[in-house]
There are 2 protein chains.
Amino acid sequence: MSLRKEILKVGKRMLLDEGISNISMRKIAGEIDVSATSIYLHFRNKNHLIYTLIEESVEELNRLIRDIANTDRDPLAKMESIARTYVAFGLDRPQEYEVIFMLHPEEIPRYPKKKFRKAREGYELLAEVIREGVDKGEMKEENPLKAAYAIWAQLHGIVSVVVNRRLDTRISVNEFINHAIAHLIRGIQINSHPQVTI
Amino acid sequence: MSLRKEILKVGKRMLLDEGISNISMRKIAGEIDVSATSIYLHFRNKNHLIYTLIEESVEELNRLIRDIANTDRDPLAKMESIARTYVAFGLDRPQEYEVIFMLHPEEIPRYPKKKFRKAREGYELLAEVIREGVDKGEMKEENPLKAAYAIWAQLHGIVSVVVNRRLDTRISVNEFINHAIAHLIRGIQINSHPQVTI
DNA sequence: TATGCTACTTAACAGTGTTAACCTTGTGTG
DNA sequence: CACACAAGGTTAACACTGTTAAGTAGCATA
């Protein structure tokens, strides 16, 4: 196995086991029995290594969502399924989730635009489901992309509150998720637009 | 001025100017012209210092929300106002916001419970507004506290998406916020509950 | 055989949080 | 007045961190 692949393997394991704040170049290198500076022959710096580490996690999440978006269930059901899948991913794999959605991209200014676009694929897929819902008369929405971002924000909020332990102990996590997703669906469903004065 | 207060003053300025990841004990101490270890005579460690730093920010945000909650406007208007205030706070003061709502609390296991309760005051206030809305027939909600957390999650998501630069450049920040808050209000408003099958 | 490249190493820089041990200064007490 | 003691600082050190510069084996080619 090439050193590059070995670095990625050990790095990924460390990310999952110990979290982003407990990863270090020296620890990764030490586990492979190589000097820490060798990593710099294969990755520009730590940030690039970590972004490479989670690249396939991003693709995995996208694939999960794409598979739901491409079924022929009705749009509202798809949206709920996407929402649950997203939240489940965030809760199952908080370490990767944190890197994917909580890190500031200005920390890696040279990150290729192509990869940023990949990270945005989920929004596009959700927007497509909303367009479909509007066409089929299940949803009301003038700007599906904007709505997709609003819903995404909501999902991110749900994950954050749970992962960062901001939820009141009186409330069960599952009940909270069900409630929040129901709330989310209500926000876009048709018949739910009385006179709103914003 | 006592050294403790001076540490807090300089620390706060550094937090606002340079962000949490660019604060260091030595830098704070250096600016006051004192040794770094002196800080440990006044704060248990760096985490405790930082949490003390943002304590008054938490109180400020609570006060803003409390002032809205205590007016006699109708509950829906109050909720929108609280939502806008929360988002504005997060965008105006991202460095403090990050510490308040994005840091993992397990990093300070000895943090007094009283202070955690203070950080939760916002949820309680929002829950109270929802209860009021239900009583006045403006909102429909079985569990106001749970709903308050769902809405809070949504607000946190809105702030996160913008602050972490995850918003598509085709979408203006203001439009997005307006949209997301409208979406949020729709989720709890009465007449917006057709047959949802979750 | 000599050159040059590839993939690595060692040493070092400049920083980090934190602890242990020491010292100075002001105050209260015998 | 002399002594003890505590408060509030200090210096030195430990064990880390990311990153760069310079040096070095081993191998392929001219």
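Residue numbers start from 1 in every chain, and the chains themselves are labelled A, B, ... in the order their sequence lines are given, proteins ahead of strands. Atom set for the values below is all heavy atoms of this structure, side chains included, hydrogens, waters and symmetry mates excluded.
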Quick one: on DNA chain C, does S38(A) or K46(B) contact a more 5' nucleotide (nearest heavy atom)?
S38(A)

Without hydrogens or angle criteria, can the side chains of K46(B) and S24(B) be said to hold a donor-acceptor pair below 3.5 Å?
no

Is it true that the side chains of R84(B) and N178(B) contain a donor and an acceptor less than 3.5 Å apart?
yes

Using a cut-off of 4.0 Å on non-hydrogen atoms, how would the nucleic acid contact of I23(B) be classed: base, sugar-phosphate, or nothing?
sugar-phosphate

Which residues in residues 24-34 of chain A have a heavy atom closer than 4.0 Å to any atom of DNA chain C?
R26(A), V34(A)

Nearest whole angstrom, please: distance from the [atom2] of [N] to the [atom1] of [X].
X      : N       : atom1 : atom2 : answer
H48(B) : dG17(C) : NE2   : P     : 16 Å
I20(B) : dT16(C) : CD1   : C1'   : 14 Å
R4(A)  : dA7(C)  : CZ    : P     : 13 Å
I50(B) : dT16(C) : CD1   : P     : 13 Å
L49(B) : dG17(C) : CG    : P     : 10 Å
H42(B) : dG17(C) : NE2   : C1'   : 18 Å

In terms of the angle between their ring planes, are H156(B) and F101(B) parallel, tilted or perpendicular, with boundaries placed at 30° and 60°?
tilted

Quick check for you: name the first and last nucleotides of DNA chain D, 5' to 3', having an atom under 4.0 Å from a heavy atom of chain A.
dT17(D) to dT20(D)

Would you check if the side chain of K27(B) reaches a backbone N or O of G11(B) as a donor-acceptor pair within less than 3.5 Å?
no

Test item: R166(B) side-chain N/O and N164(B) main-chain N/O as donor-acceptor pair under 3.5 Å
yes

Salt bridge between [X] and [Y], side-chain N to carboxylate O under 4.0 Å?
X       : Y       : answer
E141(A) : R131(A) : no
E6(B)   : K9(B)   : no
K78(B)  : E132(B) : yes

Grab the N/O contacts between the protein and nucleotides 19-23 of chain C below 3.5 Å, and write none if there aren't any.
none

How about Q154(B) and H183(A): do any of their side-chain heavy atoms sit closer than 4.5 Å?
yes

What's the spacing between E60(A) CD and I100(A) CD1 if we round to 0.5 Å?
9.0 Å

Sorted by chain and residue number, the ring-ring contact (aromatic ring centres under 6.0 Å, His included) partners of Y40(B) (sequence neighbours excluded) come out as none

Can you list every pair that meets salt bridge (Lys or Arg N to Asp or Glu O under 4.0 Å) and has a residue in residues 64-74 of chain A, with sequence neighbours left out?
R66(A)-E121(A)

Measuring centre to centre across the rings, with the benzene-like ring taken for any Trp, is F89(B) within less than 6.0 Å of Y97(B)?
no

How bent is the helix from dT1(C)-dA30(D) to dG30(C)-dC1(D), comparing axes over its five end pairs at each side, to the nearest 10°?
30°

